[in-house]
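Labels below follow one simple rule: chain letters A, B, ... track the order of the sequence lines, proteins then strands, and each chain is numbered from 1. The figures here come from the full heavy-atom set of this structure, side chains too, leaving out hydrogens, waters and symmetry mates.
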Number of protein chains: 2
Amino acid sequence: MTTMRDVAEHAGVSIATVSFVINNTKPVTQATRARIEASMEALGYRPNAVARALASRRTRVLALAYPALDHRLGGSGMEFMIAAARRAGEHGYHLMMWPGTNDGREMTDLLGQRMVDGVILMEVQLDDPRVRPLQASKTPYALIGRTADPSDSLHVDIDFEQTVTDAVRHLYDLGHRRIVLVTGTQVSESYYNYGPYVRTERAFVDVTARLGLEPVIVASGHDAGAGRELAQRLRTEQPDATAVVLLNEFAAIGLLIGLHHQQLRVPDDLSIVSMVTSDEMASLAEPTLTIMRSPGTELGELAVEHLVRQMTTGQRPDPVLLPSILVPGESTSPPPRTPIGRR
Amino acid sequence: MTTMRDVAEHAGVSIATVSFVINNTKPVTQATRARIEASMEALGYRPNAVARALASRRTRVLALAYPALDHRLGGSGMEFMIAAARRAGEHGYHLMMWPGTNDGREMTDLLGQRMVDGVILMEVQLDDPRVRPLQASKTPYALIGRTADPSDSLHVDIDFEQTVTDAVRHLYDLGHRRIVLVTGTQVSESYYNYGPYVRTERAFVDVTARLGLEPVIVASGHDAGAGRELAQRLRTEQPDATAVVLLNEFAAIGLLIGLHHQQLRVPDDLSIVSMVTSDEMASLAEPTLTIMRSPGTELGELAVEHLVRQMTTGQRPDPVLLPSILVPGESTSPPPRTPIGRR
DNA sequence: CTGAAAGCGCTAACAC
DNA sequence: GTGTTAGCGCTTTCAG
């Protein structure tokens, strides 16, 4: 393995000078710089990242912390990870995966190893136990999502408030007056106080109030099976509903299928909007889904971007809430004359 | 930050002794060991991973290399990554993401940084330029997939041969005699010589020959749209087909929708088997898909498992080919009396 | 069983 | 502009 010392000898300079040209950290004459670069090339020299990290106290590695158990990381979670890794690379950083529990102790251990310069937290809960250790260790971090008090952390998130408002507004403009919001069940602990649900529900209550509508909220599971069952439940529990907004794409497609089994037509009998959904998922449905497209890729890039900025400037950038974009599909239309439960 | 030296002083021993208890690398009396552990606890000591890595020449980090551009990493790609990261953690390793081009030079640079102890390569091509640098650097590595000469690398892979054979056999046993294989188009360079396609097609030719059937192969795009169009094409180009095996889950669901639009019933008019597909995806289809379930999670775990074993024992474990399991859905049944193109 | 000391390969003062 | 050198925090001989 060729080291800096080898390069220095080969070029007839000291290792300090080699370091200066590699890091561009002090002026070096064009001549010696050229000589050194030639030597590096000739010897196939590659700086040892570990040694650099130890000496400089910067590893140039970021961590991506996410819950190991949950299979909740759907399509947009994947987008997020991939985008974050790519952007990190563009900034000269590597991305390390940190699957884990939502555990503060674990975070403390990981941070203690001093293996990363910064951390990105996925699936943040309103009261997330991982945040305190991060603050205590003074490690720069970014949340994807928000804690209860968003002001104390750098974060990027989907603008759930805006998203649900836009979704409801879209349906309202089509003429719908009985709109049901389907959130996830909060039974499992990891979903309790799950920001996206809480925020969306709250905003839904607000927007329906402003429009003079009743805020009907139904909880459902996160898979296609739960969605299928939902078709039944809606009919009996919400006979007057003419439109549904869902927070889960699997449930949305399941609902579509369930309705089909009941000889109900979408959108003629019921309109459907699926939030936090990707175009790919929308295209798998029949009819194709009207969605609020989740900005997974943009969030991943932004999280890295802002984290790196904080690390280099020392100042925390303002939080960013990204809107979801309404992508019309075939699952929305004006309401039927007779709601599904009144036939 | 508390270092090993602090612990040593606090416990009244030398740093070497502290190191011995941490790494369990030399006998230490119960008494001093207890004293040291107490000191570590009291001071909240956490070993510095970077310093350890430099001194021991082992970083305890594995890299997961995958193509950055392609969005090909579907559901099972995600499963694989998550599973690999989890398993790596269980073995005391971290997983670092290495998005990249299929480029040998890039691999050389990354390896030169000596930041990882081993590498897992995803989306391996038959003639993958990343393999040579890996061998040259003597870095242990595992392929998920196979090169043209599988004997020269540790690898784990889906047993495509077995999978397509089982799929065809399943249909044959139901009575089908005109079975079409739908592979992906190999237009883009990154799909050219893509192992899964090549192997599957070859095995398909074999199994149909053994069964006395014609080996009909059709190429299609990788999304739902391409699948929809396929419905049309099959009808005209393959009028006698009674069953289809697809290599892409998006195309499979698209085909289902396309057939539905043509008033064709699945499975009554045409049977469908979708390979490399997850249960979740199968449940999104109507009717639910009969699939060959891709062992994404198992592969991820196995890749790490074998790589770690090679690193610790120094011997390369045998390759493993995992079968896909036939999970019956609603999309297969005995063939119709009249094929779709003969009405 | 424990300690002293020589690195691991590089960065970053500080001196020249 | 360039060189000398003291670490970074730990592992690992080698003595004792």
**Prompt:** Between B:Tyr141 and B:Gln135, does a side-chain hydrogen bond (donor to acceptor under 3.5 Å, both in side chains) hold up when you go through it step by step?
**Reply:** CA-CA 8 Å; B:Tyr141 67 95; B:Gln135 294 173 331; 3.1 Å; yes
**Integer-rounded Å distance: D:dG7 P and B:Leu54 CG** = 17 Å
**Asked** Would you call B:Met4 and B:Pro47 a side-chain contact if the rule is heavy atoms closer than 4.5 Å?
**Response** no
**Request:** Would you mind classifying the nucleic acid contact of B:Val13 as base, sugar-phosphate or nothing, using non-hydrogen atoms under 4.0 angstrom?
**Result:** sugar-phosphate
**Asked** When we call it a touch if two heavy atoms are under 4.0 Å apart, what does A:Ile22 touch: a base, just sugar-phosphate, or nothing?
**Response** nothing
Any side-chain to backbone donor/acceptor pair from [X] onto [Y]? Under 3.5 Å, distance only.
| X | Y | result |
| --- | --- | --- |
| A:Arg60 | A:Gly92 | yes |
| A:Thr3 | A:Arg5 | yes |
| B:Thr59 | B:Met115 | yes |

**Request:** For B:Gly12 and for B:Ser56, find the nucleotide of DNA chain C with the closest heavy atom, then tell me which residue's nucleotide is more 5'.
**Result:** B:Gly12
**Fill in**
Sorted by position of nearest nucleotide on DNA chain C, 5' first, the leading residue of B:Arg57 and B:Phe20 is B:Phe20
**Message:** I need the residues from residues 23-47 of chain A with at least one non-hydrogen atom less than 4.0 Å from DNA chain D; give them sorted by number, or say none.
**Reply:** A:Lys26, A:Pro27, A:Val28, A:Thr29, A:Thr32
**Message:** Using a 4.0 Å cut-off on heavy atoms, which residues in residues 1-8 of chain B reach DNA chain D? List them by number, or say none.
**Reply:** B:Met1, B:Thr3, B:Met4
**Residues in side-chain hydrogen bond (donor to acceptor under 3.5 Å, both in side chains) contact with A:Glu305, at least two apart in sequence or another chain** = A:Arg87, A:His91
**Request:** Using the test side-chain hydrogen bond (donor to acceptor under 3.5 Å, both in side chains), find all partners of B:Asp152 that sit at least two apart in sequence or belong to another chain.
**Result:** none
**Asked** Can you tell me how far the CZ atom of B:Arg46 sits from the CG atom of A:Leu111, to the nearest 0.5 Å?
**Response** 9.5 Å
**Fill in**
Here the gap from A:Thr312 atom OG1 to A:Leu307 atom CG, rounded to the nearest 0.5 Å, amounts to 9.5 Å
**Complete:** Testing D:dC10, D:dT12, D:dC8 for proximity to the side chain of A:Ala55, the answer is D:dC8
**Nearest to side-chain heavy atoms of A:Ser14, which nucleotide of D:dG3, D:dT13, D:dG9** = D:dG3
**Prompt:** Does the side chain to side chain contact (heavy atoms under 4.5 Å, CB included) test come out yes or no for A:Arg52 and B:Gln113, once each step is laid out?
**Reply:** CA-CA 10 Å; A:Arg52 298 179 88 168; B:Gln113 305 189 192; over 6 Å; no
**Message:** Whether A:Thr17 contacts D:dG3 is assessed here as follows: a side-chain N or O lying under 4.0 Å from the phosphate OP1 or OP2. Is that the case?
**Reply:** yes
**Message:** Looking at B:Arg52, I'd like to know whether one of its side-chain N or O atoms comes within less than 4.0 Å of OP1 or OP2 on D:dT11.
**Reply:** yes
**Message:** For A:Tyr45 and A:Ser39, which I'm curious about, is there any donor-acceptor pair between the side chains at under 3.5 Å?
**Reply:** no
**Prompt:** Any luck finding a side-chain donor-acceptor pair between A:Asp149 and A:Ser151 under 3.5 Å?
**Reply:** yes
**Message:** Could you check whether atom CG of A:Asp109 has more than 12 heavy atoms from other residues, nucleotides or ligands sitting under 6.0 Å from it?
**Reply:** yes
**Prompt:** Looking at five pairs on each end of the helix from C:dC1-D:dG16 to C:dC16-D:dG1, what is the angle between the two axes, given to 10 degrees?
**Reply:** 40°
**Prompt:** Taking it one step at a time, do B:Asp103 and B:Arg105 satisfy salt bridge (Lys or Arg N to Asp or Glu O under 4.0 Å)?
**Reply:** CA-CA 6 Å; B:Asp103 189 340; B:Arg105 166 73 185 194; over 6 Å; no
**Message:** Taking any atom closer than 4.0 angstrom to a non-hydrogen atom of chain B, what span of DNA chain C does the protein reach, first nucleotide to last?
**Reply:** C:dC1 to C:dG9
